[in-house]
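For reference, the structure discussed in these notes is given below.
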Amino acid sequence: VEWAGLFHDQGPLYDSAPEPTASTPVTLTFRTFKGDITSANIKYYDSADGQFHWVAMHWAANDATGTYDLWQGTIPATSSKKYYRFQINDGTATAWYNAAGITSSEPSSGDFFVIPGFKTPSWMKNGVMYQVFPDRFYNGDTGNDVTNGAYTYAGCATEQHAWGTGVTANVSGCNSAVFFGGDLAGVDQKLGYIKSTLGADIIYLNPIFSSPTNHKYDTQNYYTVDPAFGSNATLQQLIGDVHSASNGPSGYIILDGVFNHSGDSNCWFGAQSYDAITCPQQGAYQSQASPYYSYYTFQTWPGSYSTFFGISSMPKLDYGASGSATRNQIYGNSGSVVQTWLEQPYGIDGWRLDAAQYLDAGGNNGSDATNHQIMQELRTAVKSVNPNATIVGEYWGDASSWLDDGTEWDGAMNYNGFTQPVSEWICGVDESGNSAALVPSKLDSWLLGTRADLPIDVQQTMTNFLGSHDTSRFATRCGGDIWKTYLGLIFQMTYVGTPTIYYGDEYGMQGGADPDNRRSFDWSQATTSNTAVALTQQLIRIRNTYPALRTGSFMTLLTDDTNDIYAFGRFDQNNRVAVVLNGTGNTETVTVPVYEESMTNGSQVTDLLTGTKYTVSGGTVTLSVEGHYGAILAQ
Ligand code: ARE
Ligand code: CA
């Protein structure tokens with residue numbers, strides 16, 4: 001069996017029903033070199049009977065170039081989850097093929113998923129996300145700014161900094177008390193930049209509910225927008241304007257759901273206060289008779305309690321058993337925290353779940369049956385308000401246990417399957433800045449392996465970002481070379497998953513680790529006369545024009561470790577695109593084997609970035625690609 005000819009994925013040309021229902025049969029197409037094999041079989045595991053089943057495939061057609069045979073077989077429709085792999089025989093040898101790759105002996109993991117009834121929101125697959133850290137994006141209302149010494153919290157007096165100055169506090173340990181004045185009115189006023197200029201249509205806001213710190217991960221009140229960011233009415237206005245088509249494409253908005261812990265100033269807890277809020281009842285820290293006592297876990301009351309990472313201002317919520325007061329409060333019914341913001345009059349489009357792996361009972365830190373049960377209940381709550389709303393989990397490793405059976409999250413922040421490998425390839429360091437170089441073949445197998453862990457619908461809604469509010473800035477990690485940002489942007493906008501721009505990354509904003517990764521946005525850069533911003537705009541337009549870049553197949557075309565070139569195909573019924581990325585600093589001449597995605601000899605392809613046209617010959621395209629740049633060849 002010639003391994004180089006074998007291909008299948010769950011793209012539209014190879015899978016008749018990537019989102020099957022219980023009544024949809026799934027017809028699979030498998031590619032081999034022409035005349036190479038004598039038989040092929042689908043072997044699938046059906047969770048309904050716990051057995052493997054075989055489907056003999058039949059020859060169906062040749063591809064457009066005449067280079068390949070296409071074989072087909074059908075998995076019958078039922079409501080149960082199934083996992084499939086292929087067995088390929090040429091009369092003497094056998095090969096096995098599944099999402100994790102090709103092997104000569106039968107694999108025991110890495111099968112493709114069939115999950116009847118499961119689908120992720122199509123707006124997540126087809127959109128581009130823009131992440132805003134509200135205090136640092138734009139000051140739309142100076143009337144709500146936090147001034148110097150407005151209050152003292154956790155021993156830190158608030159500090160008001162002028163836009164564009166450093167993010168570090170005067171008093172060490174008080175970084176979270178530094179305020180620049182950005183707010184929701186500011187995001188609203190700049191929707192034209194996000195939606196029209198850049199073309200992004202999904203806004204993800206870091207926490208906005210009332211809290212004493214600039215990052216607001218220590219929630220005082222889950223039902224109130226922080227006064228420094230505006231009011232609930234400002235949020236309602238912003239949501240309406242995001243949804244509206246009057247300032248760019250009609251869009252979507254997701255909020256940061258910080259449900260592992262509250263702040264210690266929350267009335268439920270009541271250990272610290274910093275403003276004039278009077279709590280109607282005593283919190284768990286103040287009285288064991290508090291109605292909220294069961295919301296937290298005390299080892300010894302009141303001084304010793306479970307927290308997020310030992311941070312006393314972030315007491316951990318105790319989710320108890322199904323139906324507990326805490327679960328009801330956070331997501332149990334209409335009027336719970338999760339549901340309130342999904343419901344009218346607000347109508348957000350989903351939640352990013354902070355520290356999602358840790359939600360648990362009894363002060364435990366998750367990754368067990370209770371955490372998964374909570375996530376399933378939370379999903380049910382979200383979808384009961386809006387089946388089209390999304391859930392994006394925060395997890396830095398392999399998140400597949402929350403994603404592989406369609407009952408918990410719709411996607412996750414893709415540190416593991418995008419940020420980390422891309423950073424190592426382009427910058428030569430990992431997301432924490434430690435030296436780690438990656439060659440294209442290793443990059444490719446990393447990406448393949450992480451995709452293989454996930455159902456296709458989830459692959460397409462993993463959020464792919466170059467950096468976040470928890471990592472150093474991509475531009476800084478890459479040593480300040482703006483060309484590496486160009487390459488990162490091209491990769492991000494052509495890869496599988498929801499591209500996510502952390503505000504400022506579109507112009508190469510600099511910054512080290514937290515808090516330096518949260519500098520105030522430089523509005524003088526936010527114009528298409530900035531080359532990176534113009535490129536971002538161009539790339540988003542290209543992505544929006546070619547569905548193949550969003551929901552098409554992904555096929556590796558070239559991993560050239562010597563010349564540091566990585567090329568892959570994205571294609572569907574209507575378009576074939578070949579993306580060529582140059583990891584070196586020099587212009588290189590590259591020959592890419594495009595016959596692999598059935599581009600025929602003599603046909604023309606256009607580099608969508610430069611407009612240059614090339615002709616396919618000998619099954620390849622030869623082109624020149626600038627250093628730390630790329631080409632997007634489309635047919
Ligand atoms: C602040 C200071 C820090 C200081 C810390 C402790 O800025 O310099 O070290 O206080 O005093 C929020 C704020 C932070 C703040 C923090 C604590 O944004 O600025 O830090 O609260 O007050 C792990 C968690 C993951 C978490 C990251 C940061 O698993 O959930 O650490 N990310 C979320 C948010 C954060 C937020 C919180 C959680 C808390 O996105 O912004 O912090 O609500 C490996 C591990 C991961 C680990 C990761 C990073 O990959 O596998 O589990 O993530 O490293 O450490
Ligand atoms: Ca303000």
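In listed order, ligands and their atoms are each counted from 1.
For ligand 1, the atoms sitting less than 4.0 Å from at least one non-hydrogen atom of His261 are 39 (C), 43 (O), numbered in the order shown with element in parentheses. Remark: ligand 1 atoms within the under-4.0 Å shell around heavy atoms of Gln357 are 29 (O). Residue contact check: Ala355 has heavy atoms under 4.0 Å from atoms 30 (O) of ligand 1.
A centroid separation of 6.0 Å or more is found between the aromatic rings of Tyr130 and Tyr502. Between Tyr222 and Trp268, the ring centre distance stays below 6.0 Å.
Taken from CH2 in Trp425 to OH in Tyr566, the straight-line distance is 8.5 Å, to the nearest 0.5 Å.
Closest approach between the Ca ion (ligand 2) and any N/O/S atom of Asp145 involves OD1. No other N/O/S atom of Asp141 lies as close to the Ca ion (ligand 2) as O does.
Using a 4.5 Å heavy-atom cutoff, the side chains of Phe229 and Thr234 are not in contact.
Protein heavy atom closest to atom 18 (O) of ligand 1, with residue, atom name and distance, is Arg518 NH2, 2.9 Å. Nearest non-hydrogen protein atom to atom 25 (C) of ligand 1 is Glu394 OE2, 3.2 Å. The protein non-hydrogen atom at the shortest distance from atom 29 (O) of ligand 1 is Tyr358 OH, 2.9 Å. From the protein, the heavy atom lying nearest to atom 27 (C) of ligand 1 is Asp470 OD2, 4.0 Å.
With a heavy-atom cut-off of 4.0 Å, Met413 does not touch ligand 1 at all.
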